[in-house]
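This report concerns only the one structure given below.
What you are looking at is a predicted structure, and each value in this text was computed from that prediction instead of being measured. To find a chain, count down the sequence lines: A is the first, B the second, and so on, and within it residues start at 1.
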Number of protein chains: 2
Amino acid sequence: MTKSVVKMNDVQNEIKKIATNLKNNKDEGSKKRRIIAAAEQIFAQKGFFETTISAIAKEAGVAEGTIYEYFENKKDLLYAVPEQNTIEYADFALNHLQGIKGATNKIRKIIWFQLDYFRTHRNYTKLMILEIRRGPDYFKSKAYENLKLYSDLILTIIREGIRDGEIVSDVNPYIVRDMILGTIEHISIPWLVFGREIPIDDLVEDICKVIFSGLSLKDMTF
Amino acid sequence: MTKSVVKMNDVQNEIKKIATNLKNNKDEGSKKRRIIAAAEQIFAQKGFFETTISAIAKEAGVAEGTIYEYFENKKDLLYAVPEQNTIEYADFALNHLQGIKGATNKIRKIIWFQLDYFRTHRNYTKLMILEIRRGPDYFKSKAYENLKLYSDLILTIIREGIRDGEIVSDVNPYIVRDMILGTIEHISIPWLVFGREIPIDDLVEDICKVIFSGLSLKDMTF
DNA sequence: AAATATAATTGAGCGGTATTCAAAAATGGC
DNA sequence: GCCATTTTTGAATACCGCTCAATTATATTT
């Protein structure tokens with residue numbers, strides 16, 4: 001009897017240990033991640049102001065106080081939500097660009113990639129464009145730092161295009177980059193707000209048409 | 001004595017009447033306008049969330065409750081602030097376009113006009129871009145309705161340019177409009193947030209360069 | 001296995017803010 | 001000058017972000 005009890009306890013301890021290890025490796029993060037996942041969903045659905053901490057806590061299955069163990073405050077939690085996305089962003093883009101030759105082909109791909117990312121990560125995009133990118137705090141955030149890599153990637157492509165003689169030399173690369181990003185963002189807002197579908201391929205063509213060839217008739221530019 | 005008293009009352013009544021008329025014509029609006037002016041200043045300075053109703057009430061010289069006589073709630077007040085601006089927007093733009101011939105010249109002027117309006121109406125622009133354009137409510141607001149006139153004006157110019165053969169016929173006018181508006185908005189955000197100066201003339205040239213001629217070398221587009 | 005120490009979690013309570021509403025003040029008509 | 005109506009007020013209410021003392025779970029020691 002004593003023996004079997006001891007064995008039981010050994011087993012229990014073993015399980016506890018394993019559970020603990022699991023918790024340390026994944027679950028500890030998992031609780032944080034559960035909170036972030038809940039926050040992403042509710043923030044995107046209701047907006048920052050209409051979202052209550054208690055709603056996030058309930059969705060994540062924790063007490064309100066627990067949220068403040070992982071995040072400084074409500075805004076800090078908001079900013080934490082898209083961090084993972086902004087990290088993979090430049091990386092994904094680089095992956096997609098592999099094997100593509102020429103600046104214009106790369107720019108076309110970048111535009112496609114971003115629209116497609118927006119389409120497949122709507123909560124992230126909603127938060128990023130509608131809630132985060134507009135506060136003064138954004139420019140001090142990790143998310144901004146991460147996205148700057150992506151932004152710089154676009155800049156590099158444009159500059160290489162100019163260097164290689166594929167892009168006219170008298171354009172301002174910063175403006176070109178801002179045009180690409182600004183156009184995509186501006187077009188996306190109604191979709192994000194109303195949840196419409198995005199006709200990506202047509203859009204990419206329409207945008208590239210203007211960016212590559214411009215509005216003026218060719219015979220008038222000579 | 002009685003006479004003089006009566007006279008005094010007559011004078012007082014006269015003054016009261018005049019004051020009342022003034023109030024009905026201007027001051028009644030004036031109290032509302034005082035609240036709006038206070039709100040514009042504090043909202044633009046502190047942002048929507050950091051702004052308290054009591055701060056606006058104090059700045060406007062009214063009690064908190066009075067604000068709720070004129071506006072449904074805090075958000076309603078925020079949306080009321082830029083309404084006057086959005087009304088004059090299309091009107092001003094039309095004025096500036098008078099006497100300008102050709103779609104490209106008009107587009108150049110539109111871009112200049114908007115950047116200049118942003119520069120000279122920073123509080124309005126900050127509220128519009130950073131606070132208002134985010135929410136789903138914006139698309140149901142009077143401000144959106146008013147700005148649609150401006151947006152349609154741009155669309156018309158582009159279509160006329162296509163019809164008159166000044167602009168290539170295979171561009172999507174909606175995309176061109178969104179590129180113009182999106183680019184300006186995207187470029188403006190850091191200025192608005194950090195309060196930097198806007199180098200308008202250089203910007204207009206850089207933007208027009210790309211929109212009119214595109215990135216591709218001319219000899220590669222043939 | 002028990003005792004102890006440490007860490008994690010909880011949720012009631014605090015302070016502050018948007019909003020309401022009954023009372024007070026101002027206004028308008030007679 | 002008196003009553004009816006409108007406007008204004010600010011104390012009271014409800015709700016929310018956030019804190020912290022108490023509780024529970026986990027880890028360590030013996």
Do A/Lys32 and A/Phe71 form a cation-pi contact, if we require the NZ or CZ to be under 6.0 Å from the six-membered ring centre and within 45 degrees of the ring's axis?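 The answer is yes, since A/Lys32 meets both limits relative to A/Phe71.
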Check: A/Asn85/A/Tyr117 side-chain N/O donor and acceptor closer than 3.5 Å: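 Per modelled atom types, A/Asn85 and A/Tyr117 side chains form a pair under 3.5 Å.
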A/Tyr138 and A/Met128: side-chain contact (heavy atoms from CB on, under 4.5 Å), yes or no, with the steps? CA-CA 10 Å; A/Tyr138 166 66; A/Met128 207 57 203; 3.4 Å; yes
Using whole Å, report how far [atom1] of [X] lies from [atom2] of [N].
X       : N      : atom1 : atom2 : answer
A/Leu77 : D/dG17 : CG    : P     : 11 Å
A/Lys58 : C/dG11 : NZ    : P     : 13 Å
B/Asp76 : C/dT19 : CG    : C1'   : 13 Å
B/Lys74 : C/dT17 : NZ    : C1'   : 8 Å
A/Ile67 : C/dT9  : CD1   : C1'   : 12 Å
B/Lys31 : D/dT7  : NZ    : P     : 10 Å
B/Tyr68 : D/dT8  : OH    : P     : 16 Å
B/Asn73 : D/dC15 : CG    : C1'   : 15 Å

Taking a pair as Watson-Crick (N1 to N3 plus N6-O4 or O6-N4) or G-U wobble (N1-O2 and O6-N3), both under 3.5 Å, which stems of 3 or more consecutive pairs involve DNA chain C?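 So far as stems of 3 or more pairs are concerned, DNA chain C shows C:1-30 with D:1-30.
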Can you list, in residue-number order, the parts of residues 35-53 of chain A that come under 4.0 Å of DNA chain C, counting heavy atoms only? none
Is the distance between the ring centroids of B/Phe118 and B/Phe113 under 6.0 Å?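 Ring centres of B/Phe118 and B/Phe113 not closer than 6.0 Å.
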Closest-nucleotide ordering on DNA chain D, the 5'-leading residue of A/Ser54 and A/Glu69: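 Of the two residues, A/Ser54 wins.
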Using a strict cut-off of less than 4.0 Å between a Lys/Arg side-chain nitrogen and an Asp/Glu carboxylate oxygen, indicate whether B/Lys58 and B/Glu64 qualify as a salt bridge.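 Result for this pair is no, no salt bridge flagged.
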Could you check whether B/Glu145 pairs with B/Lys140 (Lys NZ or Arg NE/NH1/NH2 to Asp/Glu carboxylate O, under 4.0 Å)? no
Should the heavy atoms of other residues, nucleotides or ligands under 6.0 Å from CZ of B/Phe49 be counted, would the total exceed 12?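 Yes - once you tally the heavy atoms of other residues, nucleotides and ligands closer than 6.0 Å, there are more than 12.
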Minimum heavy-atom distance B/Phe139-B/Tyr144, with the two atoms named: O-CD2, 3.4 Å
Using ring pair (Phe, Tyr, Trp, His ring centres under 6.0 Å) as the criterion, point out the one residue from B/Phe48, B/Tyr124, B/Tyr79 that pairs with B/Phe43.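 For B/Phe43, the ring pair (Phe, Tyr, Trp, His ring centres under 6.0 Å) test succeeds with only one of B/Phe48, B/Tyr124, B/Tyr79, which is B/Phe48.
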